[in-house]
Amino acid sequence: MLITFRPTRAQRRAADAVARFLLFLAAAAMAAVGASLLLALLAGEAAAAGMPMKATDAQTGTLLLESAPGETIAVPLVATDVDVRVSGMVARARVRQVFRNPSADWYEGVYVFPLPENAAVDRLRIRIGERVIEGEIRERQAATAAYEQARASGRRAALLQEERPNLFTASVANIGPREEITVELEYQQTLRYDAGRYSLRVPTVAGPRYIPGSPTAAPLATGWAPPTDEVPDAPRITPPVLRPAEGARPVNPLSIRVVLDAGVPLATVASAYHAIDVRQGDGGRREIVLKDETFATRDFELGWSVAPDRAPRVALFTEKRGGRDYALLMLVPPTLAGAAPRLPREVIFVIDTSGSMHGASITQAKEALELAVRRLDPADRFNVVEFNSYARPMFADARPATAENRERAVRWVRGLRAQGGTEMAAALGLALNSRESPDRVRQVVFLTDGAVGNEDSLFKLIAERLGDSRLFTVGIGSAPNSHFMTKAAQTGRGTFTYIGKVEEVKERMAGLFAKLESPVLKNVRVDWPGGESVETWPRRVPDLYLGEPIVVTAALDRTEGELVVSGMLGDAPWRMHLPMSRASEGEGMGVLWAREKVAALMDSRREGAAETDVRAHVIELATAHRLVTRYTSFVAVEQRHARLADAALKQAAVAINLPEGWSYDAVFGELPQGATDARLDALAGLLLLSLAAMAYAARRSVPR
């Protein structure tokens with residue numbers, strides 16, 4: 001017997017209400033999905049602006065960029081040749097950038113590239129065939145106006161501008177069809193010295209940087225990232241990146257030559273990341289060249305150590321220029337004869353797990369962090385903070401470094417994955433508590449590639465929240481942002497360590513541990529002859545850790561008498577007298593002094609100095625010493641006209657390679673950082689739609 005169920009009117013109303021509610025939820029979810037996907041597409045379009053349409057075109061010597069949907073243009077390519085001459089602790093470098101136009105059109109090429117964070121750029125010239133045009137240093141707006149006028153009138157011109165202390169833009173106008181124009185720039189820098197080893201780093205590629213904030217305009221042709229309220233110059237620091245393709249060669253070939261004159265016998269000369277040939281020269285000089293074909297995909301580092309009995313304790317160079325004397329001092333402090341009592345520490349480890357750390361970088365960072373955690377003493381306290389789009393501490397507060405807590409932290413670190421954005425401010429806010437800890441030494445160890453564009457705001461945050469903590473930065477990967485890493489450590493009264501590959505983790509971290517656990521030379525003071533008339537940088541010498549030297553530049557009225565270096569070595573006062581007569585003659589000391597003063601003036605803006613006053617002082621100083629700064633640029637203009645008025649001029653940003661070991665999809669992706677949430681929303685919406693459809697189907701099947 002068939003029994004038919006007939007719902008009551010109330011039951012039918014209830015079924016209708018459930019179905020309508022499910023449809024409402026589904027519609028809301030799908031609307032959220034639509035908004036997310038629309039934002040994703042817009043972000044994807046911004047990220048793809050200027051992206052190569054076909055990476056395999058790099059094999060043919062012609063690179064095609066997408067100028068509009070379905071339309072590609074051939075753009076200039078750049079080959080870079082770097083020639084470095086090292087004398088003692090100073091390096092002088094010449095960088096030659098050859099812009100090649102492979103097309104039949106006239107072009108302006110725009111190339112964003114890195115230099116050392118302490119480079120003092122003081123010369124620019126362009127070569128067209130046998131003709132050489134020397135650059136002039138001008139206030140930035142005046143230099144830009146002169147360049148734009150030359151570009152519009154058809155004259156060849158070059159413009160060199162600083163975007164960050166380690167990031168520059170070269171613009172070259174009116175490159176003729178099938179023509180090459182060479183841009184040459186020169187800079188000077190001091191070398192890094194650490195625990196008996198000198199090192200020279202030549203940055204070769206500007207890694208993509210995370211740009212926080214809300215977009216304020218559409219992306220520009222010179223970069224994929226639009227300007228934001230936090231990084232208004234984002235387009236100028238984010239050039240288009242070549243998407244790697246199987247079998248395709250990178251772009252931007254690179255050659256490097258170093259002539260090394262250390263002045264003392266050498267024990268070792270090696271490059272950690274590139275194959276090199278080392279040739280013996282006259283007078284103990286060495287000539288180092290790259291052995292294999294190389295492209296701008298990772299930073300070059302050359303390191304050398306001197307014979308143990310010839311390791312320098314002090315180096316002093318002087319130069320007379322423009323009626324003033326300039327000096328450069330490097331002093332390696334002594335170590336304590338015996339072991340000093342070890343103070344208990346509170347160590348906060350911060351690890352970057354953003355998308356740019358994907359691959360080899362996150363592997364290096366996790367191995368380094370595991371070593372650091374295992375080395376903690378039971379009397380120490382510690383915590384671990386990871387950050388990407390968000391910051392997340394392992395513990396609510398620092399915990400004792402018991403064996404159980406250390407093993408728990410190691411397991412937690414091993415489970416970390418690289419994804420999302422690079423919101424450093426949140427992580428620094430968690431790690432730096434602004435407090436004083438008289439009973440403990442508080443140290444923050446920050447492992448990151450520094451791929452951010454809002455450096456100034458982060459430096460300000462560090463200064464405001466540091467308290468009595470010390471910030472030690474560990475640069476990870478093939479092309480870290482050395483300006484951020486170095487300046488963050490200086491602001492945080494710590495040191496910077498660079499790890500470029502997994503094999504270096506143990507050695508480099510052991511060196512860092514030795515600093516963290518060793519007594520320091522505190523309250524360091526350098527008194528120069530001449531007293532108040534001497535201007536030195538840095539104005540306040542930081543505390544010194546094991547193996548780290550004092551490096552001070554000075555402008556003096558005279559180089560007579562003696563300078564005195566003093567401080568506290570452990571619990572005892574320490575003092576050293578150095579006659580100025582022992583100084584060696586050097587070149588470029590004035591340029592290095594001026595570069596340090598410019599850096600100090602720029603830092604003063606974060607301490608409340610008026611922008612107009614800083615700008616005026618920097619322009620005056622940079623003009624006198626012919627330096628490229630944020631407010632001054634080099635411009636070189638040829639007087640003859642090359643391009644006829646009726647010939648169109650196209651503009652293109654030179655594409656750069658993705659740094660070696662980086663994942664394109666992890667850095668850019670097809671959707672923004674919230675893509676995973678959008679996909680979950682879509683799934684939820686589809687499930688709700690299915691439930692709603694089932695509810696209505698069930699309702700329709702119910703007899704009325």
Side-chain angles (χ1 to χ4, degrees), residues 192 194-195 197 199 201 207 272-273 298-299 301 303 345-377 380 382-388 391-394 401 405-419 422 424 427-428 431 443-451 470-482 484-486 488-489 492 494-518 545-548 659-662:
R192 180 177 173 85
D194 188 1
R197 179 178 179 270
S199 61
R201 287 188 64 232
Y273 316 121
R298 73 169 305 140
D299 293 354
E301 182 178 84
R345 298 183 296 153
E346 180 175 298
V347 187
I348 309 300
F349 300 105
V350 183
I351 181 169
D352 183 348
T353 57
S354 64
S356 66
M357 293 285 289
H358 187 274
S361 294
I362 192 67
T363 300
Q364 294 163 24
K366 288 163 66 173
E367 288 201 13
L369 187 48
E370 182 175 337
L371 282 172
V373 169
R374 290 193 183 280
R375 184 153 172 159
L376 290 169
D377 188 271
D380 296 333
F382 80 105
N383 201 355
V384 184
V385 177
E386 75 146 332
F387 73 94
N388 41 62
R392 177 172 67 109
M394 179 181 172
N405 283 338
R406 293 199 303 269
E407 287 304 314
R408 183 179 171 188
V410 167
R411 291 194 299 271
W412 192 81
V413 168
R414 288 177 178 174
L416 297 176
R417 299 292 181 267
Q419 59 185 350
T422 313
M424 283 191 184
L428 288 168
Q443 299 165 336
V444 177
V445 180
F446 201 101
L447 300 98
T448 177
D449 58 11
R470 296 293 189 269
L471 176 63
F472 297 83
T473 57
V474 181
I476 299 291
S478 58
N481 180 355
S482 56
F484 172 78
M485 310 299 293
T486 302
T495 63
F496 165 44
T497 301
Y498 172 48
I499 299 176
K501 59 182 181 180
V502 173
E503 292 79 7
E504 291 182 326
V505 169
K506 290 184 179 179
E507 176 191 354
R508 298 291 171 94
M509 291 303 290
L512 174 60
F513 296 146
K515 295 173 186 175
L516 295 177
E517 299 166 3
S518 299
Y545 290 83
L546 183 67
E548 294 250 335
E660 185 177 321
W662 286 37

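This structure is a prediction, so every number in the text was calculated from the model and none was measured. Because only heavy atoms are used, hydrogens play no part in the values below, and waters and symmetry mates are left out as well, while side chains stay in.
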> Can Glu367 and Ile499 be said to form a side-chain contact (heavy atoms from CB on, under 4.5 Å), step by step?
Replying inline: CA-CA 11 Å; Glu367 288 201 13; Ile499 299 176; over 6 Å; no
> Between Glu548 and Asp194, does a side-chain contact (heavy atoms from CB on, under 4.5 Å) hold up when you go through it step by step?
Replying inline: CA-CA 5 Å; Glu548 294 250 335; Asp194 188 1; 3.9 Å; yes
> Does the side-chain contact (heavy atoms from CB on, under 4.5 Å) test come out yes or no for Phe387 and Val350, once each step is laid out?
Replying inline: CA-CA 8 Å; Phe387 73 94; Val350 183; 3.7 Å; yes
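When side chains are defined from C-beta on, Glu346 does not count as touching Asn383, because their heavy atoms never get closer than 4.5 Å. In this structure the side chain of Asp449 reaches within 4.5 angstrom of the side chain of Met357, judged on heavy atoms. Side-chain contact between Leu447 and Lys366 is absent, with no heavy-atom pair separated by less than 4.5 Å. The closest side-chain heavy-atom distance from Arg470 to Val444 is not below 4.5 Å.
The structure places OG1 of Thr363 at 9.0 Å from NE2 of His358, a figure rounded to the nearest 0.5 Å. Remark: Glu386 CD to Thr353 OG1 distance equals 4.0 Å, nearest 0.5 Å. Interatomic distance, Leu471 CG to Leu428 CG, rounded to the nearest 0.5 Å: 7.0 Å. Annotation: the span from Thr497 atom OG1 to Glu504 atom CD amounts to 11.0 Å, rounded to 0.5 Å. Trp412 contributes atom CH2, which lies 8.5 Å from atom CD1 of Ile351 (distance to the nearest 0.5 angstrom). Here OG1 of Thr422 is found 11.0 Å from CG of Asn481. Values are rounded to the nearest 0.5 Å.
Judged as a side chain to side chain donor-acceptor pair (under 3.5 Å), and not counting sequence neighbours, the contacts of Arg374 are Glu370, Glu407. Looking at residues two or more places apart in sequence or on another chain, you find a side chain to side chain contact (heavy atoms under 4.5 Å, CB included) between Ala372 and Phe349, Met509, Phe513. Take Arg406 and apply the salt bridge (Lys or Arg N to Asp or Glu O under 4.0 Å) test, not counting sequence neighbours, and it matches no residue. The side chain to side chain contact (heavy atoms under 4.5 Å, CB included) check on Pro659 picks up Val205, Pro208, Ser478, Ala479, Trp662, with sequence neighbours excluded. Among residues two or more places apart in sequence or in another chain, the side chain to side chain donor-acceptor pair (under 3.5 Å) test is passed with Thr495 by none. For Asp352, there are no salt bridge (Lys or Arg N to Asp or Glu O under 4.0 Å) partners two or more places apart in sequence or in a different chain.
Arg201 places no side-chain N or O within donor-acceptor distance of the main-chain N or O of Ser482, the cut-off being under 3.5 Å. Put simply, the side chain of Gln443 gets close to the backbone of Leu516: a donor and an acceptor are under 3.5 Å apart. Counting only distance, with no hydrogens or angles, the side chain of Ser354 and the backbone of Gln419 share no donor-acceptor pair below 3.5 Å.
Across Asn405 and Phe382, no two heavy atoms sit closer than the pair O-CZ, 3.6 Å. Contact detail for Arg414 and Arg417: the closest heavy-atom pair is O-NH1, 3.2 Å. Closest of all the heavy-atom pairs between Met485 and Thr473 is O-OG1, 2.9 Å. Of all heavy-atom pairs between Val384 and Ala409, the closest is CG2-CB, 4.5 Å.
The aromatic rings of Tyr498 and Tyr273 lie perpendicular to each other, with more than 60° between the two planes, well past the 30° mark.
In this structure, Arg197 does not pair ionically with Glu507, as no charged nitrogen and carboxylate oxygen lie closer than 4.0 Å.
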